[in-house]
Amino acid sequence: MDILRNLNKAQKMAVETIEGPLLILAGAGSGKTKVLVSKAAYLLQEKIVKPGNILAITFTNKAANEMRERMEKMTGISSRNMWIGTFHSICVRILRRESEHCAFDSNFVIYDDHDQQVLIKKCLQELGFDDKKYNARAVSANISKAKNLLLTPYMYLTEASNEWEENIGKIYELYQKRLANNNAVDFDDLIMCTVKLFEQNPQVLQIYQNRFQYILVDEYQDTNTSQYTFINLLAASKKNICAVGDPDQSIYGWRGADIKNILSFEKDYENCRVIKLEQNYRSTKNILSASNSVIANNIQRKEKDLWTEAEDGELIHYHELPDDRSEAAFVVETIELLRRMHGYEYKNFAIIYRTHTQSRVLEDALVKYKLPYKIFGGQRFYERKEIKDTLAYLRLLINPTDEIALARIINEPKRSIGASTWQKLETSARAKDISVYNALDDEATLDTLTPSARKNVLGFYNMMEELKNKVNKISMAELLNELWQVTGYKKALEENDPIAGEARLENLMEFVAAAVDFENTAKLAEVSDEEDALANEATLENFLAQISLATDMDNWEDNQNFVSLLTMHATKGLEFPVVFMTGLEEKIFPHSRSLLDETEMEEERRLCYVAMTRAEKLLYMTRAKSRNIYGNYQSMQESRFIKEIPETYLDAHCIDFAPIRSRYEYKNLDKTNHLFTGRAKPNYQGNTNVQLINIGDKVQHAKFGVGVVVQVQGKGDDIQLNIAFPGQGIKVLMQKYAPLKKV
DNA sequence: ATACCATTGTTTTTT
DNA sequence: ACAATGGTAT
């Protein structure tokens with residue numbers, strides 16, 4: 001019995017307990033993933049459970065992919081029919097199949113954060129609310145909170161106790177209506193709609209209850225009310241639910257996660273078994289002891305005893321630096337030192353921080369030192385303008401009622417369909433109660449436009465109609481190329497901005513690659529999968545859904561060699577030989593917004609615990625005495641979390657200003673012929689105009705065209721160029737700012 | 001209709 | 001410091 005061989009006693013018991021409710025309290029680094037994978041494998045191989053009867057829910061796509069891969073490797077059984085995914089992806093799948101019971105069609109689109117804000121702003125306008133008092137961000141946070149608690153607009157309005165809440169309720173109500181008009185849902189809807197679907201259609205719920213005989217839930221401590229309800233509905237009949245989590249790692253309270261869900265699991269399920277995994281296989285004794293000391297300061301907590309057989313290891317390295325730039329330089333120099341002297345590789349390092357903004361200084365330092373790195377944060381690739389534009393086109397093709405998408409691209413590239421024309425279209429569409437897209441070829445609507453606008457609008461409409469006919473008939477790559485061609489998008493990129501356009505075109509190519517990849521994977525699945533063909537089909541709808549739910553954490557590739565930069569939240573579930581925790585300062589970490597609230601402070605402390613326990617061998621903690629915030633320097637106090645680590649585990653250093661400072665001031669690095677020459681190629685794409693330009697060179701400028709350099713002044717970062725552009729005279733340009741390219 | 005400038009808010013964390 | 005917005009000039 002291979003599956004059980006490499007497990008300790010508690011782990012083995014957790015795997016073998018398969019009937020009835022089971023709670024696994026898994027401390028950091030206790031082999032949680034291993035247990036989950038083994039359990040799924042055990043069910044399939046030893047208990048002959050069909051893959052289709054297992055539902056495994058993880059917190060991230062990355063965790064889902066990892067589970068899938070490891071399980072297939074362990075058993076050799078295809079996991080294709082097994083439902084593994086995040087709450088969101090599982091719910092999309094269910095909603096697509098059951099859309100007949102819902103307020104939308106099966107080709108619904110998923111609005112991201114940005115689309116959501118745009119729509120809320122429109123609602124605010126429509127209702128005549130002051131968008132200063134009701135800013136879109138705050139409103140969407142409130143709506144999200146309501147949805148996480150499964151409150152419909154009606155319920156919210158009923159419970160509203162003041163004017164603000166009443167108005168939020170009204171906005172919420174209209175927002176839902178507009179979403180329905182656009183055949184769109186937001187992230188929170190995915191879960192809430194599925195729960196409502198189950199509650200209102202017992203016969204549908206029953207189908208899924210019968211199907212999912214075994215349910216595994218990862219990171220149970222981070223479930224919110226709607227997710228909790230979703231799980232409970234599904235598990236209600238068979239009660240074969242296995243929840244895995246660690247209350248000490250609950251860090252998503254701000255997103256509605258309720259730590260009570262895991263704490264009351266035993267009350268929720270009678271005859272529940274509880275298994276604790278307390279042996280840590282990840283970190284050294286010192287790292288573990290230090291982490292345990294910090295988390296012990298939380299009052300609201302179940303005692304837990306995490307231990308390890310590992311050696312003591314080095315003490316926690318704590319360094320105080322004069323400012324944020326020296327902090328960054330220190331981190332980068334230390335990485336390079338460890339790499340050269342102690343045989344670490346770039347991929348062994350993680351630099352982590354509390355907020356994304358902190359990454360900028362660190363990135364600067366990495367660029368200067370020429371280290372390869374990758375920043376993980378949000379959905380950067382899919383948020384690029386050219387990608388979002390393309391997505392808007394695609395969304396419109398499958399769902400013409402999507403007005404947010406239409407508004408985005410109707411005049412992108414420029415087709416002389418401006419704000420006033422849009423206004424007329426929208427007014428007319430509202431009056432006739434049709435979508436704006438349908439108004440585009442409505443005679444009465446067109447009559448309200450100027451002749452030239454009419455021509456442009458019709459041209460756009462016909463173009464889109466022709467593209468629409470090709471959807472799901474030609475390959476994704478063909479469709480994309482055709483789209484960029486006929487819409488003139490590619491041409492506009494090339495012409496308007498030859499320099500930046502090139503990078504954008506590369507992104508578009510990367511997008512094609514992603515599409516082709518999706519198509520291939522999905523086609524593979526179609527062949528082998530009778531049961532679930534619909535959900536895996538290589539359709540544009542499914543491709544878009546996958547993208548909406550994708551993050552750049554998903555494509556984490558272990559074989560690539562770079563330093564990882566990420567937020568503390570994003571590190572959950574990951575581990576690194578060497579971890580740098582930066583910005584250990586009051587107001588940064590713990591964050592200023594949590595200083596006054598004891599509950600929030602405890603969540604910050606759990607976050608600290610999560611971050612510290614990511615480290616296997618070495619843990620560095622750093623802080624700056626002074627930090628650039630909102631553009632000017634502020635003096636910072638040491639984080640309380642440092643004070644909570646007993647001195648016996650700490651090796652503290654304070655690096656003051658001169659003369660040591662120069663060592664950590666990377667500005668002068670080249671001149672002093674420092675020990676680091678940097679061999680690796682950075683994957684930094686930003687400032688690529690570090691090119692040698694001399695008098696007489698021909699250069700291409702984004703706006704002025706081709707010119708000849710007639711004079712070069714200054715040096716280093718401040719090179720000033722005088723360039724003669726035929727017919728436009730001599731322009732004086734700063735090389736670092738000017739969009740220039742040598743020709 | 002567009003391009004440019006001034007002003008504003010924005011910074012927690014994410015599917 | 002920066003991005004996003006809104007207003008004004010072309």
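Naming convention: chains lettered A, B, ... in sequence-line order (proteins, then strands); numbering from 1 in each chain. Heavy atoms only: backbone and side chains are in, while hydrogens, waters and symmetry mates are out.
Side-chain contact of S326(A) with D323(A): a donor-acceptor pair under 3.5 Å is present, judged by distance alone. Judged purely by distance below 3.5 Å, without hydrogens or angles, the side chains of Y489(A) and D389(A) pair a donor atom with an acceptor atom. No side-chain N or O of E604(A) forms a donor-acceptor pair with one of Y609(A) less than 3.5 Å apart.
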Identify all side-chain donor-acceptor contacts of residues 144-151 of chain A below 3.5 Å with residues at least two apart in sequence or on another chain.
unit_1  : atom_1 : unit_2  : atom_2 : d
S144(A) : OG     : D188(A) : OD2    : 2.9
K147(A) : NZ     : Q176(A) : OE1    : 2.7
K147(A) : NZ     : D186(A) : OD1    : 3.3
K147(A) : NZ     : D186(A) : OD2    : 2.7
K147(A) : NZ     : D189(A) : OD1    : 2.9
K147(A) : NZ     : D189(A) : OD2    : 3.2
N148(A) : ND2    : D188(A) : OD1    : 3.4

Every protein N/O lying under 3.5 Å from an N/O of nucleotides 8-10 of chain B:
unit_1  : atom_1 : unit_2  : atom_2 : d
dT10(B) : OP1    : N135(A) : ND2    : 3.2

Identify all pairs in which a protein N or O lies below 3.5 Å from an N or O of nucleotides 7-10 of chain C, and state each distance.
none

Enumerate all atom pairs, one protein N or O and one N or O from nucleotides 3-6 of chain C, separated by less than 3.5 Å.
unit_1 : atom_1 : unit_2  : atom_2 : d
dT5(C) : OP1    : K121(A) : NZ     : 3.2

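With sequence neighbours excluded, the residues that form a side chain to side chain donor-acceptor pair (under 3.5 Å) with E585(A) are R627(A).
Of the listed nucleotides (dT13(B), dT11(B), dT2(B)), dT11(B) has the atom at the smallest distance from the side chain of H591(A). The T86(A) side chain lies nearest to dT15(B) when the options are dT15(B), dA1(B), dT14(B). The side chain of F187(A) sits closest to dT15(B) out of dT2(B), dT15(B), dA1(B).
Pairs engaging residues 409-426 of chain A under the salt bridge (Lys or Arg N to Asp or Glu O under 4.0 Å) rule: K122(A)-E426(A), K385(A)-E412(A), E412(A)-K414(A), E426(A)-R430(A) [sequence neighbours left out].
Remark: E603(A) engages R606(A) in a salt bridge, criterion side-chain N to carboxylate O under 4.0 Å. Taking the charged nitrogens against the carboxylate oxygens, E600(A) and R605(A) have no contact shorter than 4.0 Å, which rules out a salt bridge.
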Steps toward ring-ring contact (aromatic ring centres under 6.0 Å, His included) verdict (F187(A), Y111(A)): CA-CA 7 Å; F187(A) 285 137; Y111(A) 276 4; over 10 Å; no
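Using P as the reference atom, dA4(C) and dT13(B) are 15 Å apart when rounded to the nearest Å.
The shortest distance between side-chain heavy atoms of F641(A) and N297(A) does not fall below 4.5 Å. For the pair V610(A)/M568(A), no side-chain contact is recorded, criterion being any heavy-atom separation below 4.5 Å from C-beta on.
Using a 4.0 Å heavy-atom criterion, one finds that F87(A) contacts no nucleic acid atom at all. Using a 4.0 Å heavy-atom criterion, one finds that T357(A) contacts the bases of the nucleic acid, with or without backbone contacts as well. Within the 4.0 angstrom heavy-atom criterion, no nucleotide atom of any strand lies near S594(A). Residue-level contact check: N411(A) touches the backbone only, with heavy atoms under 4.0 Å from sugar-phosphate atoms and none from bases.
At least one side-chain nitrogen or oxygen of H356(A) sits closer than 4.0 Å to the OP1 or OP2 atom of dT14(B). Residue T60(A) places none of its side-chain N or O atoms closer than 4.0 Å to OP1 or OP2 of dT14(B).
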